[in-house]
Amino acid sequence: MPSKSSARLAALTVAAACSAASTIVLTSPAHAESVRIHDIQGSTRMSPYAGQQVTDVAGIVTGIRTYGSSRGFWIQDPNPDADPATSEGVFVFTGSAPKGVAVGDSVTVGGTVSEYVPGGAASGNQSLTEITKPTTTVVSSGNALPAATAITSRSVPDAYAPAGDTAANGSVNALPLKPSKYALDHYEALEGMSVRVTDTRVVGATDPYTELWVTVKPHENRNRHGGTVYGSYDDQNSGRLQIQSLGATAEFPKANVGDTLTGTTAGPLDYNQFGGYTLVASELGTLKSAGLERETTREQRSSELAVATYNVENLDPTDDTFAAHASAIVQHLKSPDIVSLEEIQDNNGAKNDGTVAADQTLTKLIDAIVAAGGPKYDWRSIDPADNTDGGEPGGNIRQAFLFNPERVSFADRAGGDTTTATAVTKIRGKAHLTLSPGRIAPADEAWKSSRKPLAGEFVFRGRTVFVIANHFNSKGGDQGLTAQYQPPSRSSETQRHQQATLVNAFVKDILDTQKNADVIALGDINDFEFSKTAQLLEGRGELWSAIKSLPRNERYSYVYQGNSQVLDQILISPSIRRACDFEYDSVHVNAEFNDQISDHDPQVLRFRP
C-alpha cells in the first residue's frame, strides 16, 4: 500500500480529516419543532432532519473536543427510546473551542442539522450527523453521564456491511439500519454515543498521529503476534475499532500489536476520514505489553541463494534511519545475497530541484551496512525522469538492487536508461536480457506516474537468476472498508492489473526462451496475495506468490487499520517452485511496532538454484 505518503495519509488525525470535508444539505422544510436526538439520528445513516433548523434538543454533555478543525462537543439523551437503530448521541460542531459548557452539563441546543462527510463527497465516506451553528443553553451542571454502551464480541455482528442500494449507485445511506445483522450498521446506530471496550487487544500499533486499533473479537483471524489477518475480501474483520483520545498526546499509550488496553476505554463514537468509526477516548485503559520482539530469519547456507525485498519508506540522505535499516538487513535478514529495495529517494530527497541521482542514498546505506557488520554490497539501479514515477514530489523514488559481490555476480549489459526497454534474447540456447539492469516497457501507459520495473540478471554458483524489482501503483484513491458504497470501489486496481499483465508477459518471454529459467518477481506489489493483481501476475503458472507457502495466519507484511495484510510479495517461476527446495520468511520487524522505521516488513526467499 501503500507508499509512505499514502500510509501516512491513512493515519492522519480527525483534525486533519476535518479540513477536507463537505456538508450535505438535503432539500427539506426550513424548520422543525423541538425534537429528540434519536429523532435527528433516525434509523438510516442520513438524518431525516438534514438541512432543517431544530430547537431545544436536550442532552448531557459527554465529551468536548478543543483541538483541530472539528471542534465541538457531544451530547447524549439520558432517556433513550426503544429502537436499537436510532442513536441517542450527536456531535455539536462549534468551529472553535467550545465555551461555557462542561462534561456533565445538561443542555438544550438549537441549530442546523447537517450531514458532514469527512474527506469530502468524492472520498465515498459515510457522513456524520451534526448540529451546526448552535445556540446552547446550560440547564444544570454536574449531572451523571449516561452509561456507556459496551462494544463486545457478542454485540458486533460478523457480517460487515449490507450490499449497497443498486438504485443509489451502491450507497447504503438510505438503507434502514440493521444493527444486529451488520457491523457497520451496529457502529452507525451508536454514532455520537458514549461507548466502551474492555481489555481489548491492540491489532494496529500506535502511529505518530496518536491512533491505534484494537479488536473486540479476540479470536477473529488471529495470528501468533496478536494481530488480525486480512485474508479475504469477504471477511473484513468486523471486530476492529480505531482508538483516539480527547486527552494530551503525551498521555496516549505507545502500543505494539499484541499489547492489551486493560480495564475500560470509553468515550464518544465518532466517524472520521481515516479509519471510519472511532472511539474518541475520554478514558483510556492501562497498556499491558505483550513483549513483542522483532523477528530474525536464519542465515542462508552456502548452497542457498537468499533474495529479499524491502520497502525502506522514502529513504534519502537526510534521514536518521540508515543505521536502523542496516541493522535490519544485517541482524534480522542475515545479509541476503540480493536485496530489492523500494522507495529509494534521490540525493536530496523531497527537495524538488530536478535532482534524480540516488548514488549518495545508496552509498550511505551500504556504508551503514558495513558498519553494522554486513558485507560491502554493490548496487544497480536506473534513475527515473524527474517527477514521473509517483511518490513524494521531488523524491523520485525508485527500486534498486543491492548484491553481495562475494556471493553473486551481476551481468552488466550497457544501455539501460530511463526510457529504453530491456528485452529477452537467446544466446547459446539460454535466455538473456538485452539490457541489465533494464526497465520493462517504461513507455507503456501502465507505468504513468508509477515506478517502472527494474530487471537484472544475476549469476550464483554458475546459475543465472533473473530478478525483477517492482513497486506497483499504490492504493491511493480506493474507498475505505467503512465507505458509504458497499462493496467499496478499488479504482486503483485498474492500473495495477495493467502493470501485472506487463510483468507477467515479460516473464513469459523469458520462460518461452528458456523453459527452466529461474525467475523471481518481487517487491511492493501494493495488493493482496488473493487479489486479481496477484492472479494476473502469476498468469497461467509463469509465477507463483511464495508467501502462499506460509500458513494463512502468517501471511502479512503490512498493518493497515488493524488488518495485517500482504502487500509485499516474492513470486517464483516453476523451476524454483517445483524443486520444493525453497523457504519463505516474512520477517516482522516494522509493521507491528510503534517505533517502526518503515511501514513494511521485508520478505526473504532462500532456494538452491
Can you check side-chain contact (heavy atoms from CB on, under 4.5 Å) on Gln498 and Leu502, steps first, answer last?
CA-CA 6 Å; Gln498 296 167 347; Leu502 283 175; 5.8 Å; no

Atom pairs and distances, side-chain donor-acceptor, residues 364-376, under 3.5 Å, sequence neighbours left out:
residue, atom, partner, partner atom, Å
Lys364, NZ, Pro317, O, 2.7
Asp367, OD1, Lys376, NZ, 3.3

Checking side chain to side chain contact (heavy atoms under 4.5 Å, CB included) against His325, which of Val330, Asn590, Asp319, Leu315 comes through?
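Going through Val330, Asn590, Asp319, Leu315 one by one, the side chain to side chain contact (heavy atoms under 4.5 Å, CB included) with His325 is satisfied by Leu315 alone.
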
Among Asn223, Val203, Asn221, find the one that has a side chain to side chain contact (heavy atoms under 4.5 Å, CB included) with Ser564.
Asn223

Pairs meeting criterion salt bridge (Lys or Arg N to Asp or Glu O under 4.0 Å) with involvement of residues 490-500, two or more places apart
Arg490-Glu493, Arg496-Asp527

Keeping to residues at least two apart or across chains, list the side-chain hydrogen bond (donor to acceptor under 3.5 Å, both in side chains) pairs with something in residues 404-415.
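Checked against side-chain hydrogen bond (donor to acceptor under 3.5 Å, both in side chains) - neighbours excluded - the pairs reaching residues 404-415 are Asp337-Arg407, Arg380-Asp412, Arg413-His432, Arg413-Glu457.
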
Under the 3.5 angstrom rule, does the side chain of [X] hit a backbone N or O of [Y] as a donor-acceptor pair?
X: Arg398; Y: Val356; answer: yes
X: Thr420; Y: Gly416; answer: no
X: Asp478; Y: Ser492; answer: yes
X: Gln495; Y: Ala446; answer: yes
X: Thr418; Y: Asp383; answer: yes
X: Asp524; Y: Asp568; answer: no
X: Glu529; Y: Gln569; answer: no
X: Lys452; Y: Trp447; answer: yes
X: Asn470; Y: Ile468; answer: yes
X: Glu313; Y: Asp599; answer: yes

Under a plain distance cut-off of 3.5 Å, with no hydrogens placed, do [Y] and [X] share a side-chain donor-acceptor pair?
X: His225; Y: Glu295; result: yes
X: Asn237; Y: Thr228; result: no
X: Gln126; Y: Gln484; result: no
X: Asn125; Y: Gln273; result: no
X: Asn594; Y: Gln596; result: no
X: Asn473; Y: Asn526; result: no
X: Gln603; Y: Ser557; result: no

Going by the rule side-chain hydrogen bond (donor to acceptor under 3.5 Å, both in side chains), which residues pair with [X] if we only count those two or more places apart in sequence or in a different chain?
X: Asp601; result: His588
X: Thr419; result: none
X: Glu342; result: Thr309, Ser340

So do the side chains of Thr297 and Tyr584 get within less than 4.5 Å of each other, counting heavy atoms only?
no

Working for side-chain hydrogen bond (donor to acceptor under 3.5 Å, both in side chains), residues Thr482 and Tyr271
CA-CA 9 Å; Thr482 59; Tyr271 183 95; 3.2 Å; yes

When the ring planes of Phe458 and Phe403 are compared, do they come out parallel, tilted or perpendicular, using 30° and 60° as the limits?
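Because their plane-to-plane angle is over 60°, the rings of Phe458 and Phe403 count as perpendicular.
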
Under 30°, 30 to 60°, or over 60°: which ring-plane class applies to Tyr558 and Tyr560, parallel, tilted or perpendicular?
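The arrangement is tilted - the two ring planes meet at 30° to 60°.
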
Show the nearest heavy-atom pair for residues [X] and [Y], with the distance to one decimal.
X: Ala455; Y: Thr422; value: CB-CG2, 4.3 Å
X: Asp518; Y: Ser575; value: OD1-OG, 2.5 Å
X: Leu454; Y: Gln399; value: CD2-O, 3.7 Å
X: Trp544; Y: Phe582; value: CZ3-CZ, 3.7 Å
X: Ala431; Y: Phe466; value: O-CZ, 3.1 Å
X: Ser573; Y: Leu543; value: N-CD2, 4.0 Å

Distance from Ser436 atom OG to Phe410 atom CZ, nearest 0.5 Å?
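If I round to the nearest 0.5 Å, the distance is 3.5 Å.
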
Tell me whether the NZ or CZ atom of Lys475 lies within the 45° cone about the ring axis of Phe528 and under 6.0 Å from its centre.
yes

Salt-bridged, Asp389 to Arg439, with N to O below 4.0 Å?
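Salt bridge present between Asp389 and Arg439.
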
